Each structure stands twice: as structure tokens, then as C-alpha cells.
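Here the structure comes first, spelled out in C-alpha cells, and everything after it is commentary.
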Amino acid sequence: MTFDTPISRAGSHCAKWDMLESLYGLNPDQGLAMWVADMEFRPPQVVQSALESMLAHGVYGYFGDDRAYLEAIRWWMATRHGWTVQPDWIFTTHGLVNGTGLCVHSFTQPGDAVILMTPVYHAFARVIKAAGREVLECPLTLQDGTARLDIATWETLLTGREKMLILCSPHNPGGRVWTVDELRQIADFCRRHDLILISDEIHHDLVFPGQKHTVMANAAPEISDRLVMMTATTKTFNIAGAHIGNVIIADPALRKTFSNTINALGISPNSFGMHMATAAYSPEGAAWVDDLMRYLDGNRTLFDQGIAGIPGLRSTPLEATYLAWVDFSGTGMTADEFIDRVQKVAGIATNYGASFGTGGESFLRFNIACPRAQVAEAVDRLQRAFADLQ
Ligand SMILES: Cc1ncc(COP(=O)(O)O)c(C=O)c1O
């Protein structure tokens with residue numbers, strides 16, 4: 001199989017295609033699903049084989065003995081990210097939205113505020129608000145279309161109720177790979193304001209050739225007493241349905257608090273996810289990710305060239321992630337107007353920028369992790385839908 005091979009997902013209970021009609025009014029035969037952040041690709045054979053051997057065995061009881069899993073994480077973080085992780089720092093969660101919720105419950109109280117650097121992954125705000133905490137939006141600024149920190153402004157927004165900052169690194173949406181200097185500025189901001197820093201690095205393997213991601217734990221080792229790292233195999237290997245992720249905490253006191261929450265809520269590992277993730281963090285998995293990123297690089301170029309041909313549209317230069325972030329402000333249209341064109345005329349389902357918080361209003365997010373022919377089709381449809389702007 002190559003990444004070019006189309007795989008029909010309609011009727012497989014996948015959110016991305018099987019909710020297209022109910023959420024976007026688009027028939028999966030004609031519409032293009034470019035919203036949810038999962039890929040149209042099968043994971044590497046090493047992951048498929050792990051599941052096949054589970055099926056062949058055919059008994060699906062409780063999971064036990066996570067030594068191979070922890071060793072796989074240790075190996076991956078050391079070889080891919082130059083980060084030394086101890087096995088007893090690692091907690092297994094049911095994904096990283098779950099991990100975020102567990103952190104919010106562990107390290108904040110109702111009425112506390114949590115800082116988000118907006119626009120940012122929409123589930124953070126949902127989880128924070130549902131837990132009875134407040135969101136404090138600290139907006140990013142744009143410089144030539146690239147997201148930048150604005151810490152001087154953030155300082156003026158603080159109310160004193162903030163207890164935590166959730167960083168998305170690399171950033172979703174917009175695909176920014178934060179530099180070491182930027183990561184250190186964020187770490188210093190957290191230290192000065194006594195904030196727990198949650199670094200969600202779910203996208204940290206999906207970095208384009210020529211870019212270098214630094215894990216927060218390496219960028220600012222001096223804040224390990226307030227740092228919680230979150231990582232996962234799910235975005236990297238397209239196994240989000242396995243609902244598995246890691247919360248990695250070096251500090252013993254923070255670990256104890258988090259461990260109490262995990263125990264209080266009865267969180268225990270999902271056996272399917274554990275087998276798949278253990279297999280994925282391997283040399284075969286690593287080679288597949290390298291191939292994947294080369295393929296996505298081609299998709300990114302095709303998409304950006306197509307968007308550049310439409311006056312008023314601007315695609316953010318992605319440094320990581322497969323989530324193209326397109327600014328429609330140059331069209332002079334309202335969000336309702338450009339959404340109508342993209343959805344009703346081009347027949348493409350995207351994530352609406354406003355759902356990512358302040359600063360996202362004039363944007364749409366397009367998932368380009370699909371066979372290149374689908375990217376070409378999307379570009380063609382967009383060019384036709386906005387042909388009157390030529
Ligand atoms: C930054 C970020 N965190 C977490 C998630 C979802 O994590 P999970 O599927 O493990 O709950 C996403 C999905 O797009 C994401 O972009």
C-alpha cells in the first residue's frame with residue numbers, strides 16, 4: 001500500500017465521514033471530509049500485525065505487565081526526541097483529551113483559571129469549562145501569517161486566578177514548531193506566575209523535514225517541578241480510535257497528585273491501545289513516520305500552491321501537523337459567507353476557526369492527511385468556488 005491508495009471509510013463508524021451528513025449536510029459520496037484530525041491512511045504493518053496476533057489469540061481480558069510498553073516509550077523518546085524518560089514517570093490515559101481533563105482535576109480547583117494560547121485545539125476549552133474552571137485566553141499574534149508569542153500583553157490579562165497553562169507544541173492549529181527560545185519564554189512566564197505547565201506534544205512526531213521540535217522537558221529542565229508532558233502514538237500512527245496516551249511527570253509531588261486522580265477515577269489501560277502503541281514505537285514505526293512526513297510535505301506544497309492562486313486566501317506555512325490553517329480575511333467576506341462557499345459550493349467539511357478561540361474567526365482548518373488526489377480535488381473545488389475573486 002502507498003499513501004496514494006484511497007480507502008473508503010464511509011460506513012465504518014468513523015466520525016470524520018459517518019457524521020458528514022448530520023453535521024455538515026454533505027453526502028459522503030460527494031463531500032470531502034477534511035475536518036477531524038485523523039488520517040486517511042492505515043498504520044504501519046507492524047501495528048496491524050500486533051492487532052492480528054491479538055485476533056489470532058482471541059481472548060480479550062485485562063491488560064497487565066506494561067514493561068514492554070514503557071520500554072518502547074523510553075526508546076522512542078530517547079531516539080526520536082533526545083529525551084530521557086524514566087518508566088515510573090509514565091501514566092497511561094485514555095487519550096490526551098482524557099489526559100487534559102485528569103490534569104485539570106489534579107492541579108486546579110473549581111473557579112481557578114487555565115491559560116490557553118489562542119487560537120488553539122478546541123477540546124482544551126471544552127474540558128476546562130466542563131470542569132467548572134475558567135479559560136483565560138492569551139492570544140497569539142501573527143507576523144507574516146506566522147503565530148508568535150505576545151507575553152507582554154499576556155502579563156496585562158492575568159487576574160491572579162490562573163493556576164495552569166496548557167501549551168500545544170507543536171501548535172494546533174497553524175502547525176508552529178516553537179523555538180527553544182519561545183519555549184523558554186513560556187516556561188519562564190509559568191515560573192514567574194506560579195503556573196503548572198501542561199505541554200501537549202501529541203503532534204511532536206509530525207514535523208516537516210528541515211524543522212526541529214524540542215520537547216519542553218529538554219528546553220526548560222529547570223521547571224521540571226511544575227511541568228507535565230503529554231505524548232501519544234495516536235496522531236503519529238493514525239490510531240486515535242485506540243484512545244491511548246501518556247502523561248509523563250518527572251516531579252514526585254506532582255506525580256503523587258496525578259496518581260491519586262487516576263486511582264480515584266479507576267483509569268486502567270486499554271489492552272488494544274497498549275499492544276498497538278508498543279508495536280508502533282519501533283524502528284519499523286519510525287521508518288513509516290519518515291515516509292509519511294515526506295508524503296505530507298508533498299500534500300502541503302500542492303495545497304499551499306493551490307490556495308496561493310485564490311486572491312484573498314492565505315495558507316499558514318505549516319512547520320508541523322497535517323492541519324492546514326487558511327485565512328479568509330483577505331476576501332472581505334463574513335465567516336458565514338466563506339463557510340457557505342467552502343461547505344455548500346465546494347462541498348468540503350472543515351473545522352471552523354472560531355471554535356479554536358480568539359484569533360481563529362477568519363480561518364478554516366483543512367486536514368490534508370489524505371491521498372494526494374483528494375488534496376488536488378479540494379484545491380480544484382476551492383478555486384472554482386472562489387473563481388469570481390480572480
Ligand atoms: C493538541 C491535541 N491534543 C489532543 C488531541 C486529541 O487527543 P486524543 O485523541 O488522544 O484524546 C488532539 C486531536 O486533534 C490535539 O490536536
Side-chain angles (χ1 to χ4, degrees), residues 2-10 16-17 20 23-41 142 144-146 172-176 203 206 208-210 238 291-353 356 360 362-390:
T2 74
F3 297 113
D4 279 324
T5 310
I7 302 170
S8 170
R9 298 177 68 191
K16 195 175 178 183
W17 291 91
L20 205 54
L23 293 180
Y24 292 92
L26 292 171
N27 178 321
D29 289 335
Q30 282 116 37
L32 292 182
M34 301 183 85
W35 59 302
V36 174
D38 65 25
M39 306 192 273
E40 301 302 299
F41 310 132
L142 287 181
D144 270 342
T146 297
N172 166 27
R176 204 47 231 295
H203 297 282
L206 300 172
F208 284 108
N238 204 30
D291 288 347
L292 171 74
M293 289 319 295
R294 278 189 286 272
Y295 188 81
L296 292 178
D297 197 14
N299 282 7
R300 168 180 76 151
T301 304
L302 178 65
F303 185 81
D304 286 354
Q305 281 170 351
I307 295 298
I310 306 174
L313 271 60
R314 175 176 195 156
S315 187
T316 305
L318 287 183
E319 297 168 350
T321 82
Y322 48 73
L323 303 165
W325 184 234
V326 180
D327 186 1
F328 286 75
S329 58
T331 61
M333 294 179 185
T334 64
D336 284 346
E337 285 168 341
F338 65 73
I339 288 172
D340 254 24
R341 294 243 192 156
V342 171
Q343 210 161 298
K344 296 201 177 128
V345 182
I348 302 176
T350 62
N351 287 91
Y352 305 152
F356 297 86
S362 67
F363 288 78
L364 293 177
R365 197 189 74 175
F366 294 76
N367 179 339
I368 56 167
C370 54
R372 192 151 308 148
Q374 187 186 314
V375 177
E377 170 71 19
V379 163
D380 186 53
R381 288 182 185 203
L382 289 169
Q383 287 178 341
R384 279 188 279 124
F386 290 90
D388 58 320
L389 302 184
Q390 291 293 341

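Hydrogens, waters and symmetry mates are skipped; everything else that's a heavy atom, side chains included, is used. Fair warning: this is a prediction, and the values are worked out from it, not measured in the lab.
- Atoms CG and CG, from Leu389 and Leu313 in turn, are 7.5 Å apart once rounded to the nearest 0.5 Å.
- Of the inter-residue distances, the one linking Thr350 atom OG1 with Leu32 atom CG reads 11.5 Å to the nearest 0.5 angstrom.
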Check the pair Leu382 / Val342 against side chain to side chain contact (heavy atoms under 4.5 Å, CB included), numbers first and verdict last.
CA-CA 7 Å; Leu382 289 169; Val342 171; 4.0 Å; yes
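- For the pair Asn299 (side chain) and Cys370 (backbone), a donor-acceptor distance under 3.5 Å is present.
- Remark: side-chain polar atoms of Gln383 are paired, donor with acceptor, to backbone N or O of Gly306 under 3.5 angstrom.
- The two residues Pro6 and Pro371 have their closest heavy-atom pair at CA-CG, 4.0 Å.
- A pairwise comparison of heavy atoms in Leu296 and Ala369 identifies CD2-CA, 3.7 Å as the closest pair.
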Go through the steps for Thr334 and Asp336 under the test side chain to side chain donor-acceptor pair (under 3.5 Å), then give the verdict.
CA-CA 5 Å; Thr334 64; Asp336 284 346; 5.3 Å; no
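- With a 4.5 Å cut-off on side-chain heavy atoms, Thr331 and Arg341 do not count as touching.
- Side chains of Val326 and Phe303 form a contact here, defined as non-hydrogen atoms less than 4.5 Å apart.
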Between Trp325 and Arg176, is the side chain to side chain contact (heavy atoms under 4.5 Å, CB included) condition met? List the steps.
CA-CA 11 Å; Trp325 184 234; Arg176 204 47 231 295; over 6 Å; no
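- The aromatic rings of Tyr24 and Tyr352 stand perpendicular to each other, their planes meeting at an angle above 60°, with 30° marking the opposite boundary.
- With contacts defined as side-chain heavy-atom distances shorter than 4.5 Å, the pair Asn351/Phe356 qualifies.
- Taking CD1 of Ile348 as the reference point, atom CZ of Arg381 lies at 6.0 Å (rounded to 0.5 Å).
- Side-chain contact check for Leu206 versus Leu292: some heavy-atom pair is nearer than 4.5 Å.
- In terms of modelled atom types and a separation under 3.5 Å, the side chain of Gln343 and the main chain of Leu26 share no donor-acceptor contact.
- The shortest distance between side-chain heavy atoms of Trp35 and Asn367 does not fall below 4.5 Å.
- When side chains are defined from C-beta on, Ile307 does not count as touching Phe366, because their heavy atoms never get closer than 4.5 Å.
- With hydrogens and angles disregarded, a donor-acceptor distance shorter than 3.5 Å links the side chain of Asn238 to the backbone of Met39.
- Aromatic pair Phe386/Phe328: centroids less than 6.0 angstrom apart.
- No donor-acceptor pair closer than 3.5 Å links the side chain of Thr316 to the backbone N or O of Gly174.
- Ile339 is listed as a side-chain neighbour of Leu364, based on a closest heavy-atom distance under 4.5 Å.
- No donor-acceptor pair closer than 3.5 Å links the side chain of Asp144 to the backbone N or O of Thr146.
- Note that Arg300 lies in the cation-pi zone of Phe208, set by a 6.0 Å cut-off to the ring centre and a 45° limit from the axis.
- Here the CD-CE distance, from Gln374 to Met34, works out to 5.0 Å after rounding to the nearest 0.5 Å.
- Distance check, rounded to the nearest 0.5 Å: CD of Gln30 to CG of Leu20 gives 10.5 Å.
- Remark: side-chain polar atoms of Arg372 are paired, donor with acceptor, to backbone N or O of Tyr295 under 3.5 angstrom.
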Is there a side chain to side chain contact (heavy atoms under 4.5 Å, CB included) between Asn172 and Arg365 once you walk through the steps?
CA-CA 10 Å; Asn172 166 27; Arg365 197 189 74 175; 3.0 Å; yes
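- The pair Arg294-Asp291 meets the salt-bridge criterion, with a side-chain N (NZ, NE, NH1 or NH2) lying under 4.0 Å from an Asp/Glu carboxylate O.
- Taking 4.5 Å as the limit, every side-chain heavy atom of Pro173 sits out of range of all side-chain heavy atoms of Leu323.
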